[in-house]
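Here's the structure we're looking at; comments come further down.
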Amino acid sequence: MTDEEKKDYREKLIVDCKTYNHIDYDDDEGIIELMVNTTFEELSELIPHFDPYSMTSRQRLLTLTFVKELYDNREKYQKDAKSVTNAVASMLLKEMYGGR
């Protein structure tokens, strides 16, 4: 994937995150991008061979869900960053252990 394709891919992912979060303004685009980067770092540490430019459907949904969780609970995560929903935790565990 070229640098231009990667840029387009990330821009599309930001748009998808905004859609998933029901955000129809650009004010929080920077924070959404930060949350995507943070999610990629987390998934890279937890999922063997994670490639943010070649995600499975489940990994893409995990990314959207993690960003939504971070965005919706910004104040909560400032106090307790380890809290995630059961659905997110379940998907993440499946990815960490080979999806089986």
Side-chain angles (χ1 to χ4, degrees):
M1 185 175 279
T2 67
D3 287 344
E4 187 64 31
E5 290 171 327
K6 287 181 179 181
K7 182 180 179 233
D8 291 343
Y9 180 88
R10 288 180 68 81
E11 287 175 2
K12 169 85 169 83
L13 186 59
I14 298 297
V15 169
D16 289 348
C17 284
K18 287 172 63 176
T19 300
Y20 194 78
N21 279 287
H22 304 284
I23 300 169
D24 51 0
Y25 49 88
D26 295 331
D27 295 352
D28 287 345
E29 196 163 307
I31 193 74
I32 297 293
E33 189 169 350
L34 174 63
M35 290 175 177
V36 167
N37 292 338
T38 301
T39 299
F40 284 171
E41 287 177 16
E42 286 294 314
L43 295 179
S44 293
E45 290 177 10
L46 297 170
I47 299 172
H49 312 293
F50 175 75
D51 180 358
Y53 299 104
S54 181
M55 292 188 283
T56 64
S57 295
R58 187 168 47 206
Q59 290 170 351
R60 189 166 176 80
L61 183 58
L62 270 169
T63 299
L64 296 174
T65 305
F66 266 65
V67 170
K68 181 166 179 47
E69 186 81 16
L70 289 170
Y71 187 82
D72 288 349
N73 298 293
R74 294 183 299 278
E75 295 82 20
K76 175 181 169 184
Y77 287 119
Q78 291 172 357
K79 299 173 190 165
D80 181 16
K82 300 222 184 263
S83 299
V84 293
T85 64
N86 289 337
V88 172
S90 175
M91 285 190 287
L92 181 56
L93 286 171
K94 288 175 185 171
E95 285 297 316
M96 288 170 60
Y97 295 108
R100 293 171 198 24

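All heavy atoms count here, side chains included; hydrogens, waters and symmetry mates do not. Only a predicted model underlies this, so the values are computations on that prediction, with no experimental measurement involved.
Contact of the D8 side chain with the K12 side chain is not registered, since no non-hydrogen atoms from C-beta on lie closer than 4.5 Å. In this structure, L64 and L13 have side chains that are in contact, with non-hydrogen atoms separated by less than 4.5 Å. Residues I31 and M35 meet the side-chain proximity criterion, which asks for heavy atoms closer than 4.5 Å.
When the side chains of ILVMFWY residues are joined at heavy-atom separations under 4.5 Å, either directly or via intervening members, M55 and L46 end up in a single hydrophobic cluster. Placement of M1 and F50 within a single hydrophobic cluster is found when ILVMFWY residues are connected by side-chain heavy-atom separations under 4.5 Å, directly or transitively. Both I14 and L34 are part of a single hydrophobic cluster, where members link through side-chain heavy atoms under 4.5 Å apart.
Rounding to the nearest 0.5 angstrom, the gap separating the CG atom in L61 from the CZ atom in R58 is 10.0 Å. Interatomic distance, D72 CG to T65 OG1, rounded to the nearest 0.5 Å: 10.5 Å. Atoms CG and SG, on D28 and C17 in that order, are 12.5 Å from each other to the nearest 0.5 Å. From L43, atom CG reaches atom CZ of F66 across 5.5 Å, with rounding to the nearest 0.5 Å.
Nearest heavy-atom pair across K68 and N21 is CA-OD1, 3.1 Å.
Residues satisfying the ring pair (Phe, Tyr, Trp, His ring centres under 6.0 Å) criterion with Y20, sequence neighbours excluded, are absent altogether. Not counting sequence neighbours, the partners of K18 by the side chain to side chain donor-acceptor pair (under 3.5 Å) test are D26, E29.
Evaluation of the side-chain hydrogen bond (donor to acceptor under 3.5 Å, both in side chains) test over residues 31-53, restricted to residues two or more places apart or in two chains, returns R10-N37.
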